[in-house]
Each structure stands twice: as structure tokens, then as C-alpha cells.
> 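Quick one: this structure, given as C-alpha cells, is what I'll be asking you about.
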Amino acid sequence: MNWFRPLSYRLKALFHRRDLEAEMAEEMRQHLERRIEEFVAEGMTAEEARQTAQRTFGGMAQVQEQCRDERRFVWLEQAWQDVRFAMRSLRRNPGFTLVILTVLTLVIGANTAIFSVVNAALFRPLPYRAPDRLFWLNSHDANAPRGMISLPDFSDWIAEQTVFEHIGFYTTIGNYALTGRGDAARLTSVQISAEGLAALGLPALIGRVFNGEEDRPGGAPVVVLSHKLWLAQFGGDATIVNQTILLNGSAYTVIGVMPLQAIFPSEVDLWLPAGPSSKQPIWTQRKNRLLRGVGRLREGVSIEQARAEMDAISSRLERQYPETNKDRRFVIDPLVDYFVGDSRRGLWTLLGAVTMVLLIACANVANLLLARAATRQREIALRVALGAGRGRIVRQLLTEGLLLSLAGSALGVVLANVCLPLVLAINGGGTPRGADVGLDFGVLLFSVGVALVTGVLFGLVPAWHASRTDVRTALHPSARGHTKGSALLRRILVVAEIACTLVLLIGAGLLFRSFVRLNQVDLGFAPEGVLSFRLNLSPQKYSTDPQRVAFFTRLNEKLRALPGAQAVGLGSQFPLGPSGWGAPFLIEGQPVPGPKEQPVMDVTLASPDYFRALGISLVCGRFFSERDNQDHLRGKDSSGVSPQDRWALGFDVVIIDEQFAQRHWPNQDPIGQRVIASGWGPAGRAPILTVIGVVARVKLRSPNEQEGNVQAYLPLLQSSGNGNYGVLVRATLDAATLTAAVRQQVQAVDPEQPIYDVRTLATRRSSAMAPERFNLILLGLFAVVALLLAVVGLYGVLSYGVTQRRFEIGVRLALGAQRGDIIRLVVLQAVKLVGIGVGLGLVGAFATTRAIAALLYHTSPVDPWTFTLIPLLLGGVALLACWLPARRATKVDPLLAMRAE
Amino acid sequence: MEKIDLLQGTLDMLVLRVLARGEMHGTGIADRLGRLSKQALKLGEGSLYPALYRMEAKGWIAATWAQSDNNRKAKYYALTKAGQKQLQSEQENWGKLSAIIAEVMLNA
């Protein structure tokens with residue numbers, strides 16, 4: 001209880017200072033009055049009495065000051081005094097303060113922004129319940145480390161497993177056309193099992209998600225909307241629940257709306273149960289791998305246990321179904337890897353780089369403050385002489401530093417908030433978990449932490465310097481306001497800055513070379529001037545092969561007729577676009593490979609002009625023509641063949657890529673050879689394909705893809721596939737005009753057929769390199785900022801050095817030194833500093849660029865060109881910093897310089 | 001008689017003892033102290049006040065403004081419960097200390 005009274009006493013003193021001052025004065029006055037009266041009563045005169053009273057009392061001012069001291073929160077008042085003093089002294093040098101504040105704002109802002117991104121991607125838990133129990137489920141074999149799983153395999157797995165509390169599967173992103181509500185819209189969708197949703201643990205925002213009743217063949221057609229779609233298309237109207245909407249012409253009942261954070265597997269508009277499709281022929285075949293899975297491990301089950309069980313089940317399936325499941329294992333990864341996986345390294349690199357820039361900026365600010373501290377030495381010495389404790393002075397200087405850094409941090413957070421959307425936009429949605437990025441408590445804490453650390457770092461420097469002030473020499477009229485120690489410290493800081501800058505520049509240089517190489521990769525086709533789009537024919541409307549063929553033949557004609565159109569191609573896939581399928585094959589006349597060496601070809605169904613539209617060059621043989629159609633089937637008996645296998649019978653020719661020819665007929669002419677698509681068709685009647693042409697190999701998925709499967713093309717006219725096509729139009733028109741014209745023509749063929757994903761191939765290629773571009777832009781930016789800071793720092797030190805050595809320069813000039821000699825003096829100092837900095841930087845770069853080797857494309861992390869040119873560049877730019885100080889040195893008036901001492 | 005310097009702690013104890021009698025204003029306390037010690041402990045009178053303020057800050061005494069004898073409002077100090085406890089403990093300590101000193105002086 002005894003803390004209360006003192007506290008309230010002091011608080012009262014804090015807030016009622018004026019009243020208490022008056023009281024104290026009154027009290028002392030009364031004391032004196034009484035004494036005076038007594039002395040007068042004893043016989044003194046009024047004047048004598050007053051003097052005696054005052055003498056007996058003691059020094060009034062001192063007593064009052066002591067009384068005041070007893071009342072304060074001394075430390076609080078002193079701190080407040082420090083702050084006010086710091087603000088005053090910062091205000092007195094507005095230019096100086098502004099420069100430091102700007103640098104700090106930019107740098108802390110950049111750090112905060114990058115940290116936000118890293119935080120969202122790597123530290124924030126996924127927005128699902130207990131996200132560390134969630135796992136991503138895939139298959140693994142020799143061809144695909146994270147491949148998909150077939151429904152029969154998944155069903156067996158679900159039936160036999162014991163480690164998952166919930167386990168479900170989902171499909172690749174699909175599309176539905178929403179009609180009946182204004183303009184037809186193309187919506188993305190995912191089919192997921194009810195158990196999959198349960199695993200994620202995301203309840204619906206309004207309404208509900210589908211349950212076991214709906215998630216089965218013949219279940220009622222229901223759909224759950226995403227939050228974004230609900231707002232955009234349905235105006236956020238809660239009554240949408242239980243209404244029906246038309247998707248691809250069929251009625252679906254909306255049973256709920258997902259919450260905002262439900263982004264799985266990516267941003268989709270519609271969530272549908274997987275059950276109703278599960279009896280479709282393509283799903284029931286064990287060899288058709290269409291699904292990925294998500295599961296929630298039971299409490300107390302470790303990941304090793306789960307993996308062991310998975311291996312056991314995989315082995316059993318392998319034994320039971322050797323044709324389809326050879327060497328196939330189920331694998332589980334933490335779900336967060338799905339979202340973040342590849343980008344970890346890039347993110348950490350960026351964070352490291354921006355931290356380096358922060359350190360360089362701190363060094364700069366420290367240098368600046370140190371320079372100013374030198375000029376304030378007189379003032380500090382005076383204060384020490386007047387009785388300020390050294391500790392107090394150090395505290396006050398530290399306060400200045402902290403004030404600067406906290407202000408910089410506050411402004412930096414604002415800046416980061418403003419710039420983050422820009423940063424995410426540059427990356428074009430490629431930022432991992434971009435939707436989660438934002439300023440949250442963790443980020444703010446980080447920012448404040450950075451401010452405190454940097455403030456202490458560069459506040460300590462002048463404080464340390466001040467604590468070494470020798471009062472007597474500092475107050476001497478000729479004191480020059482510096483010590484040897486501080487000059488050395490400034491030089492060390494600049495060398496460190498240069499070294500760090502070099503490391504950043506080399507990193508940026510390596511990324512640049514890598515990016516240039518990536519850009520120059522021969523894609524195997526010519527992306528310039530080609531517009532691409534996709535359309536999915538509704539299976540109800542175009543249920544037969546002839547219908548589909550009719551559609552795309554008409555579309556082909558119409559598009560060909562467009563002015564400026566040079567070639568039109570259709571295909572089941574196109575490079576840098578949606579993915580296709582792989583098919584196992586055998587070569588007629590060659591030994592059957594063992595099960596481990598079973599080759600797979602990436603198959604594209606292509607129209608005759610596909611190759612011309614893409615610009616794929618023909619190596620030998622010929623392209624497809626109109627005559628590669630189904631005429632050859634006439635007269636052939638296709639009874640006894642199930643519908644799901646009949647489509648494969650249509651094929652009888654194939655165009656292969658160079659790698660295919662090289663690998664399988666290294667010394668022969670591949671034309672006329674025959675390939676057996678062993679994975680297709682009914683047993684014993686796999687289609688036999690005659691090779692009619694060889695084309696250049698293309699990069700199917702991304703410019704930096706490595707060697708993979710051989711590529712093969714089959715005529716679209718021989719079997720129209722599943723109705724999902726990519727269309728390519730090579731034309732001389734600009735993209736906007738072409739897009740409008742294309743839409744018009746598609747409408748002319750079928751007014752209810754929407755098209756989507758309309759982009760030029762050049763844009764796709766650009767997007768494919770978005771992550772590399774992002775890293776390059778940011779790292780380049782940081783490197784340039786670092787360079788600026790380092791050059792400014794170097795300039796500061798050189799300039800300071802010239803001032804320091806004015807006497808010496810004056811003497812030299814007086815003794816007959818030439819202008820060139822003086823310049824050489826300055827330049828020599830610069831060369832020494834830059835040289836040491838570059839040397840240290842090279843060592844640092846050697847050590848650290850290894851870490852970004854994974855980000856580089858065909859570029860060594862110790863690429864000699866980069867390691868030679870960048871230091872030269874840095875040296876050159878740094879020596880620019882010499883120019884002004886050198887000029888100043890030559891302008892020194894020797895008489896003035898010597899007299900000033 | 002020469003003035004004897006008082007240690008800060010001892011002065012506190014003396015003031016508390018004076019106030020144990022009843023509340024008093026600063027001048028009165030100075031008078032009392034002077035009289036009690038028969039003018040031997042004559043403080044530079046002003047130095048009483050910082051001590052009073054300190055003890056008030058520590059919660060041992062409390063101050064109020066009240067009508068004084070010459071019809072002016074004066075600041076009166078009174079002992080608090082905490083102050084009483086403090087006085088007790090200081091008295092004990094002083095007793096022990098003076099006993100030890102006396103013993104040493106007698107028997108060294």
C-alpha cells in the first residue's frame with residue numbers, strides 16, 4: 001500500500017506544477033515572515049531582521065530546487081527534457097535532419113514492405129484451423145515428383161488409411177459458363193470432396209458447404225460460391241442461398257458462400273462436390289490421374305508414421321495393379337509448401353538484401369551524425385563543464401538517434417502501406433499468398449524493432465564520441481572539433497558500406513545475366529504476333545465427335561478469313577498455356593523397355609495449321625493436312641470397343657519432335673517409322689501411329705524447363721479430344737483489335753460459347769518469367785540505392801578528410817605543390833578506401849552468392865564477367881565522389897589554412 | 001555552540017518524532033527541533049524543507065493547509081500510519097546503533 005501515496009504525490013506534482021510552486025513559495029515566505037517577526041520582537045531593525053532570517057534560512061533558490069527534486073519523477077522529466085532538447089537541435093539543422101529522415105523513411109519503408117511479403121508467405125499460419133496438421137497429397141514416380149492421383153487409387157487409400165482424421169481430394173481448376181444473369185461469365189471452379197472441405201475446416205460464411213448426401217454420384221447439383229464472386233456477381237446479397245443458377249446450361253442450387261480467406265487451391269469462383277462426377281468413365285480408370293488431395297492428420301500422429309503407412313499402401317497397390325501403379329508412391333507435404341514452396345529462396349534473398357541496404361543506410365546516418373557531433377563538441381564540452389553528467393549527455397544523444405529512427409519508422413510504415421499494392425502489382429499476382437499480405441501487428445512490431453535497433457546503433461556512435469570529449473581541449477579556442485578515433489570510425493563505416501554495396505551489386509548483376517539468358521532461350525516457336533485464347537465446348541451441346549469437328553472447322557474458317565490473319569491453329573494445349581497429357585508408347589520393331597524405362601510422350605492434338613500458327617519449324621517430313629482425318633476408319637470394325645476407348649482408334653499418324661527422333665532412331669530416318677500408343681485404346685488394339693514429320697522441340701511449360709519427355713502431335717481432325725481447346729491466331733493486327741474480332745467470330749459460330757484466358761503469347765512468356773523479373777527489379781533497386789548511399793558516404797568522408805587536412809594542404813601548396821599533386825592526394829585516399837571496400841566485398845560476394853545459385857539460369861554464382869565488371873563499375877562511380885572534394889582541396893588558400901591553426 | 005551536521009536519516013527520525021506529538025507547520029518543526037536539542041542542532045533552517053518534502057513523497061507525513069495561529073493559512077504536516085511505523089523502526093535501529101557505539105567507546 002505504500003506505493004500508492006508516493007505515486008499519487010508525484011503524479012499530482014506532475015500535473016499541478018504551477019499550484020504546487022505557488023504553495024511552496026508561500027510556505028517559504030511564511031517561514032521567513034515568522035522569523036523576521038521574531039527577530040524584530042527581539043529588538044532588531046526590520047532590515048537586520050530580514051538579513052538574519054535569510055542567513056539562517058540558507059540559500060532560498062537552492063532549497064527550492066532541492067524541494068522540487070524530491071517531488072519529481074526524475075527519470076521521466078529528464079527523458080522528456082531529452083526529447084525536447086533533441087527536437088530543438090534537430091530543428092536547428094533542418095537540411096541535415098531532412099536528409100537523414102528521408103533516407104531512413106525509404107529504407108525502413110522498404111524493409112517493412114519486404115518483411116510484410118515474407119511474413120505473409122512464410123510466417124503467418126495458413127487461415128485454416130490448426131494449419132500444421134494439414135497436408136498436401138500427391139503421387140510420386142520417376143517422371144513426376146508431385147504428380148496427380150487417380151480416383152480408384154485415392155478411394156483405396158481412403159479406405160485403408162488410419163492416420164488422417166479427414167482426407168479428401170480435389171480436381172484441377174475447371175470452368176463453367178454462368179448464364180441467365182446478364183452477360184455470360186466465365187467462372188473458375190474446383191471440385192472437391194466433402195471430406196476435403198472438412199479437412200480444411202472452413203465453414204461457410206453464410207449457408208453451408210456440401211455434405212456426404214450431395215457428394216456422391218447422383219447427388220443433387222449444388223454449388224458454393226466464393227466470397228469474391230458473391231460480391232462481384234451477386235451483389236453480396238445473402239438471399240442467394242437456396243436460389244438456383246445456370247452453370248453450363250444446367251441448374252445448380254447455391255447452398256452457401258465461402259469466407260474471404262478461403263483460397264484453395266487458388267482463387268476459384270465456384271466450389272462443387274466431386275462426388276457426382278465420380279462415376280464418369282474417365283474418373284473410374286486407375287490410369288487416369290486427375291486428382292490431388294488434402295488431409296488433416298489425427299492428433300498425436302507424426303508425419304513419419306503417416307509416411308510409413310502411405311508407403312505400405314502404395315506397395316500393396318503396386319503389387320495389385322502392376323500396369324498402372326509401378327513405382328508409384330503417395331507422398332505428403334505440409335500444405336504450406338503448396339502455397340509457398342518454390343519461392344522460399346527468393347524471398348529470403350530479398351529480405352537479406354533489403355536488410356543489407358538498411359545496414360548501409362545506418363552506417364551512413366551514423367557517419368552523418370558523427371560529423372555533426374564533431375562540430376558540436378564545443379557545445380557538449382560546455383555542458384559537461386556546467387555540470388551535466390556524461391551519462392546524461394550520452395542519453396541525450398541517444399535520444400536524438402532514437403527520435404530520428406522512430407520518426408523514420410513511422411513514415412516508413414506509411415510508405416510501405418502505400419507502396420505494397422504497387423509491389424504486388426509488379427509481380428502480377430505471382431506473390432505467394434499475396435492475398436494474405438498486409439500490415440499486421442507482427443509487421444508493425446518488426447518496424448518498431450528495426451527503428452529501435454537502428455536508432456541505438458547510429459545514436460551510439462556520436463554518443464560514444466561525445467563521451468570521449470576532453471573538456472579542456474574542446475573548449476580551447478583553436479579546437480578543431482574532431483578526434484583521431486572518430487575519423488577512423490568514419491573510414492571503417494565507409495569501407496563497410498562499399499563492401500556491402502558490392503555484394504548487392506554483384507547479386508543484382510548475376511540475376512541480370514540470368515534473366516537475359518532466360519529471355520534469349522529458344523522457345524522452339526515464335527511468340528510474337530500471336531493471340532491465344534481458350535474455349536471449352538459444353539459436353540451437352542457438343543457431345544459427339546462430328547459436332548466438335550464441325551465447330552472448330554467453322555471457327556477455323558472464320559478466323560482465317562479475318563484481315564491480317566496469317567495462320568490459325570487449334571490444339572488441346574499450347575506452350576506456356578494449359579497443360580496436356582502424357583501417354584506411354586512403344587516403338588514398333590524395337591525391344592520393349594523394362595517397366596522402369598517406360599517412355600512417355602507429351603501429347604498435343606493439333607489442327608493442320610497449328611505449327612504454322614505457332615511458328616514451329618519443320619525439320620523433315622510434313623505437317624498435318626486436311627486429309628489426316630477419320631476417313632481411314634471407314635470400313636473398319638469398331639464394334640466391341642467401349643466409347644471411352646473409341647476415340648483413340650482415330651489416330652494413325654503422328655508428328656514427333658527432334659528429341660523423339662534423336663532418342664529412338666538416332667541413325668535412321670524417322671519418317672515412316674511406327675509408334676504404338678500403348679497406353680490407349682482397348683486391350684490389344686492400341687493405335688499404331690506412323691511418323692509423318694519431325695518438328696523442332698518447344699518449351700511447353702516455361703522458358704527454363706529442363707529436359708523432359710519427348711513431344712508428339714496427333715491430328716485434331718482424327719479425334720477431337722475432350723472439347724477443351726486452345727486457339728492460336730497469328731495476325732498482323734494489334735492485340736486489342738484482334739481480340740475484339742476474334743470474339744465476334746466465335747460468337748458468329750456459336751453465340752453461347754464464351755472464350756477465356758485471352759492473351760498474346762508474348763504476354764504469356766512475360767508472365768512465365770515474372771518471378772525472375774520481380775527478384776531482379778527489387779534486387780536491382782536495392783543495389784542502386786545502396787550504391788547511392790555508399791557514394792554519398794564516401795563523399796562525406798573525403799570531404800571531411802579535406803577539411804581535416806587543410807593545414808597540411810596549405811603547407812604543401814605553399815611549398816610549391818602543383819594542383820595535380822593535391823588532387824592525387826585526395827584521389828589516393830579515395831582509392832585506398834574503395835580498394836579495401838571492394839576487396840572485402842569480393843570476398844563477401846564469393847561467400848554469399850552461392851546462396852542464390854538456385855535462382856540463376858545457366859549462370860554460375862561466381863560468374864567471372866560479373867565479378868570483374870561490377871567492381872570496376874563500383875570503383876568508377878565511387879571515384880566520382882572524389883571530384884568535388886578534390887576540387888575543394890585545390891582551392892585551399894595556403895595562407896588562410898595555415899593561419900587558422 | 002557549533003552546529004553539528006546531521007545525517008539525512010537522523011534528521012528524518014527527529015522530524016517524525018516531533019510530528020508524533022501532533023501536526024505542525026515547518027517553522028514550528030524547526031523551532032521544536034532547535035529547542036529539543038537545546039539549540040545544539042541548529043540546522044540551516046532551509047534544509048528542513050527538502051527533508052519534509054522527501055518524507056511527504058515517501059508517504060510518511062501528509063500535508064494540509066489550515067488556519068494558523070496568526071490567522072493565515074499555513075501548511076501543516078502530520079504523521080501517517082506509515083510514518084509511525086517508520087519512526088518505530090528507526091527508533092529501534094538508533095537504539096541498537098547507539099548501544100554498539102557506546103560499548104565500543106567504553107571498552108575499546
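The basis for the numbers below is simple: all heavy atoms, side chains too, and nothing from hydrogens, waters or symmetry mates. So you know, we letter chains A, B, ... as the sequences are listed, proteins then strands, and number each from 1.
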> Using non-hydrogen atoms and a 4.5 Å limit, figure out which bit of Glu37(A) sits close to chain B: side chain, backbone, both or neither.
side chain
> Please report the closest heavy-atom contact between His31(A) and Gly26(B), naming both atoms and the distance.
ND1-C, 4.3 Å
> How about Tyr49(B) and Met24(A): do any of their side-chain heavy atoms sit closer than 4.5 Å?
no
> For chain B, which of Gln30(A), Gln62(A), Arg34(A), Glu65(A) has the most heavy-atom pairs under 4.5 Å?
Arg34(A)
> Measuring heavy-atom distances to chain B, does Met60(A) have an atom under 4.5 Å in its side chain, in its backbone, in both, or in neither?
neither
> Any salt bridge linking Arg35(A) with Asp31(B)? Criterion: basic side-chain nitrogen under 4.0 Å from a carboxylate oxygen.
yes
> Please classify the contact between Lys81(B) and chain A as side chain, backbone, both or neither, with a heavy-atom cut-off of under 4.5 Å.
neither
> Under a 4.5 Å cut-off applied to non-hydrogen side-chain atoms, are Gln66(A) and Tyr53(B) in contact?
no
> Which distance, rounded to the nearest 0.5 Å, do you find between the NE2 of His25(B) and the CD of Glu27(A)?
10.0 Å
> Please answer whether the main-chain N or O of Trp65(B) pairs with a side-chain N or O of Glu23(A) as donor and acceptor at a distance below 3.5 Å.
no
> Does Met44(A), at its CE atom, have more than 12 non-hydrogen atoms belonging to other residues, nucleotides or ligands within less than 6.0 Å?
yes
> If you compare all heavy atoms of Cys67(A) against all heavy atoms of Pro50(B), which two are closest, and at what distance to 0.1 Å?
SG-N, 3.6 Å
> Counting only heavy atoms not in Arg50(A), do more than 12 fall under 6.0 Å of its CZ?
no
> First locate atom CD of Glu33(A), then atom OG1 of Thr27(B), and finally report the distance between them rounded to the nearest 0.5 Å.
10.5 Å
> Going from NZ on Lys75(B) to CE on Met28(A), what distance comes out if it is rounded to the nearest 0.5 angstrom?
8.0 Å
